[in-house]
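Have a look at the structure below, then the notes.
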Amino acid sequence: MQRFSVTGYLKAARRLQVRPRVVLLLLAIELGSVLFEVSGVAMLLPVFQYMQQGGALETLAQEQVYWGYLIRTFETVGLPVNLATLLGASFVLILLRQAMTYARTVYRMAIRQRLAHRLRCGVFDAYIHTRYDYQRDTEKGGLINDVTIELPKAVNALFDVVLVAGHFLLIAVYTAGLFYLSASITLATMGMVAVAVLILKRVMRLTEETSHRITEANRSFGGFLAQRVRATRLIRLSGAEALEGRRLESLSESCRERTVHLSRLSALTRVLVEPIIILAVFAVIFIGYSFAGLGAESLGIFAIALARLLPVIQSAIGDFQTVLGQWASLQAVLARFDDFAALTEPMSGGRPFERLTREIRFENVAYAYPSRDERALSAINLTIPAATTTAIVGPSGSGKSTLVDLLPRLIEPSVGEIIVDGVSLSAIDRRSLRRAIAFVGQQAEVLDATPRAHICYGVDAPDASAMRRAADLAGALEFIEALPQGFDTPIGEGGSSLSGGQRQRLDVARALMRGASILVLDEPTSQLDVDSQRALRDALRRIRAEMDTTILIVSHTLDLACDADLVVVMSAGEVVQAGPPEALLADEGWFARLAASGTDNLVAGK
């Protein structure tokens with residue numbers, strides 16, 4: 001846990017690109033507000049002295065040097081010096097102070113929201129460009145919590161420090177004025193304030209510690225909620241509503257307890273400071289009247305200034321406590337950006353890639369996940385010709401999906417090399433490579449949009465006729481046109497208004513719309529019924545017949561494998577068979593035994 005420090009704050013502000021000129025402008029506005037406020041309060045002293053001397057300006061100028069400057073200033077602007085103009089000048093200064101306060105409030109809110117907007121966009125952009133293994137393994141609920149809950153608190157912490165600095169600036173000016181009136185009483189007052197600060201030191205430490213515990217509780221709650229929202233069907237079918245309700249209640253209670261504890265600490269600060277403030281005011285009046293020999297006007301101004309100063313001290317302590325309460329959020333956001341920076345995936349650089357013309361060749365390729373000891377792939381030697389269909393089959397966990405994840409460079413081989421048209425895959429620009437590969441997963445990832453928006457997703461200036469052709473080839477045109485608004489019908493989050501087969505064919509249409517030379521389908525029929533599988537198989541046959549596309553299918557379905565030009569059988573991360581389906585069926589290996597068993601599900605062979 002990194003505690004608050006000025007050095008830590010400056011580093012955080014620099015890393016989150018808080019511009020120095022913004023901070024300086026804020027401080028300048030604070031200074032202007034302070035000067036006008038102090039001037040407005042200070043003008044009450046000549047008002048009291050004017051009334052006490054009955055308006056004798058010559059006597060006042062002889063007794064107090066500043067009266068000479070005041071009289072000349074009024075003469076310069078063409079105003080007489082009387083009670084009305086003195087009160088008017090004080091009121092004008094107070095109005096100017098209010099105008100500065102308005103400007104400070106509006107500007108502070110504007111720059112806070114501007115920074116929050118920039119950081120939200122920065123978090124999303126940085127996350128999108130991190131390595132796939134980080135995106136796969138990171139807890140999504142924690143990430144969402146950091147963006148929606150911790151990030152605004154982090155921004156507040158950055159600018160609340162400037163607010164505290166403004167308070168201390170005002171305190172310094174008021175203290176200088178009080179020293180002018182009476183150094184001894186001012187020193188006594190400062191001693192009381194120092195005692196209050198010492199008393200509150202332990203409370204501030206507890207505030208900072210509680211801040212970190214609140215951040216941890218928020219992340220746990222966010223992670224739990226994100227997981228359970230995705231699993232509502234499982235929860236209901238398992239009859240686990242009450243169990244999950246109790247778990248959420250426990251996590252929510254933890255958030256509540258820690259937040260309430262932070263509120264108690266804030267309340268304790270106010271409770272401890274206010275009696276000391278009142279005691280200081282009483283002490284000033286008593287000591288100033290009984291021992292310091294202050295005149296009524298000086299004592300009145302001293303009491304007014306002190307009455308204004310001590311709440312500022314209270315605000316400074318309270319705002320600093322707020323900074324400590326948000327410090328953990330700032331550290332969480334910085335840690336998230338550290339992760340992004342360390343795991344950013346370089347997108348550009350290397351040779352551009354347009355389309356596959358000859359072959360993809362795996363040469364002794366192996367891959368091991370960073371968090372596991374055993375290899376997911378071992379000694380893969382395989383050649384995939386261009387413009388053919390290759391089916392990759394095998395038991396679950398045999399490494400099929402890992403193999404296809406290597407092609408768009410979502411992951412990199414631990415050992416060996418992949419050669420694409422005679423060029424090492426590692427030498428090819430990622431961005432152009434991924435534009436040349438279209439991917440359809442086990443479950444169609446459909447955004448909350450329309451069929452038109454989904455099919456054209458990621459395509460610049462989409463052509464309507466090309467969109468219809470992609471939908472037709474994918475076997476999706478008929479059901480799309482039957483929707484109430486056709487291609488412009490809202491289909492709900494995740495395509496919830498469509499069947500599983502319709503979502504899958506819609507996603508195939510999206511992949512075809514990209515015009516990519518390589519089409520990868522990762523177990524596209526695993527969630528489909530028999531009729532939907534047949535419709536998808538017919539769509540793939542049309543694609544093979546009408547498009548010059550290299551198709552890779554990770555499949556558990558015997559029919560899809562038998563339609564392929566090349567079947568690759570994997571087991572335990574290795575290629576155990578490879579060849580045309582008719583050749584493998586004539587062999588006595590795993591594929592032939594499975595076909596002879598009469599099952600259409602290749603998982604049955606494990």
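Just so you know, these numbers use all the heavy atoms, side chains as well, and skip hydrogens, waters and symmetry mates.
- A salt bridge links E345 to R434: at least one charged side-chain nitrogen sits closer than 4.0 Å to a carboxylate oxygen.
- In this structure, V147 and Y127 have side chains that are not in contact, with every pair of non-hydrogen atoms separated by 4.5 Å or more.
- Looking at Q321 and L200, their side chains never come closer than 4.5 Å, going by heavy atoms from C-beta outward.
- A salt bridge is defined here as a Lys NZ or Arg NE, NH1 or NH2 lying under 4.0 Å from an Asp or Glu carboxylate O, and R258 with E253 fails to meet this definition.
- Without hydrogens or angle criteria, K140 side chain to G222 main chain gives no donor-acceptor distance under 3.5 Å.
- With respect to R15 and D338, a salt bridge is recorded, a charged nitrogen being found less than 4.0 Å from a carboxylate O.
- Counting only heavy atoms from C-beta outward, the side chains of L87 and S90 never approach each other to under 4.5 Å.
- For the pair R247 and E244, the salt-bridge criterion is met [side-chain N within less than 4.0 Å of a carboxylate O].
- A cation-pi geometry, defined here as NZ or CZ lying under 6.0 Å from the six-membered ring centre and within 45° of its normal, does not hold between R131 and Y134.
- Ion pairing between R112 and D160 holds under the 4.0 Å rule for side-chain N and carboxylate O.
- Residues I491 and P451 meet the side-chain proximity criterion, which asks for heavy atoms closer than 4.5 Å.
- A donor and an acceptor atom, one from each side chain of Q49 and W67, are located under 3.5 Å apart.
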